Enquirer: 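Starting off with a structure, shown below.
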Amino acid sequence: MTDAHIGLSVATPVIIAFALMLYRMGVLQRTGTISAVLASVAIAAVLFIDR
């Protein structure tokens, strides 16, 4: 596993956690939270497979 894979494995859950935390605080709406989570997972998957 390269450094890039480790970085993706760490950064993606952090982004998801922040999105969920902001949703619970009332900062993000449900659609914004879902789109942030899906976008981060999609980007991580593409970059993880591409490397």
Side-chain angles (χ1 to χ4, degrees):
M1 206 171 191
T2 64
D3 289 340
H5 288 132
I6 294 170
L8 286 171
S9 300
V10 171
T12 303
V14 170
I15 293 170
I16 293 171
F18 274 122
L20 292 175
M21 191 169 53
L22 288 173
Y23 173 71
R24 288 183 184 239
M25 291 172 51
V27 177
L28 284 178
Q29 294 179 353
R30 183 176 302 210
T31 55
T33 305
I34 292 170
S35 65
V37 168
L38 289 177
S40 65
V41 169
I43 291 169
V46 168
L47 291 176
F48 196 84
I49 292 170
D50 190 39
R51 286 264 170 192

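Keep in mind that this is a model prediction, so the values were computed, not measured. The first residue of the sequence shown is numbered 1, and numbering continues consecutively from there.
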Enquirer: How would you list all residue pairs meeting side-chain hydrogen bond (donor to acceptor under 3.5 Å, both in side chains) that involve residues 38-48, not counting sequence neighbours?
Expert: none
Enquirer: Ignoring hydrogens, what is the shortest heavy-atom contact between Ala19 and Val37? Give both atom names and the distance.
Expert: CB-CG2, 4.3 Å
Enquirer: Using the side-chain hydrogen bond (donor to acceptor under 3.5 Å, both in side chains) criterion, which residues pair with Arg30? Sequence neighbours excluded.
Expert: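 Arg30: side-chain hydrogen bond (donor to acceptor under 3.5 Å, both in side chains) contacts with Tyr23.
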Enquirer: Would you name the heavy atoms of Gly32 and Ser35 that are closest together and state the gap between them?
Expert: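 Looking at all heavy atoms of both residues, the closest pair is O-OG, 2.9 Å.
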Enquirer: Holding to side-chain contact (heavy atoms from CB on, under 4.5 Å), I want the full list of residues that pass it with Ile43, two or more places apart in sequence or in another chain.
Expert: Leu47
Enquirer: Under 4.5 Å between side-chain heavy atoms, chaining through other members, with only Ile, Leu, Val, Met, Phe, Trp and Tyr counted: pull out the rest of the cluster around Ile34, sorted by chain and number.
Expert: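 When side chains under 4.5 Å apart are linked, the cluster holding Ile34 also contains Leu38.
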Enquirer: Is it the case that one hydrophobic cluster holds both Leu20 and Met25, taking links as side-chain heavy atoms less than 4.5 Å apart, direct or via other members?
Expert: no
Enquirer: Tell me which donor-acceptor pairs under 3.5 Å the side chains of residues 9-16 have, and how far apart each pair is, sequence neighbours excluded?
Expert:
{"unit_1": "Ser9", "atom_1": "OG", "unit_2": "His5", "atom_2": "O", "d": "2.8"}
{"unit_1": "Thr12", "atom_1": "OG1", "unit_2": "Leu8", "atom_2": "O", "d": "2.9"}

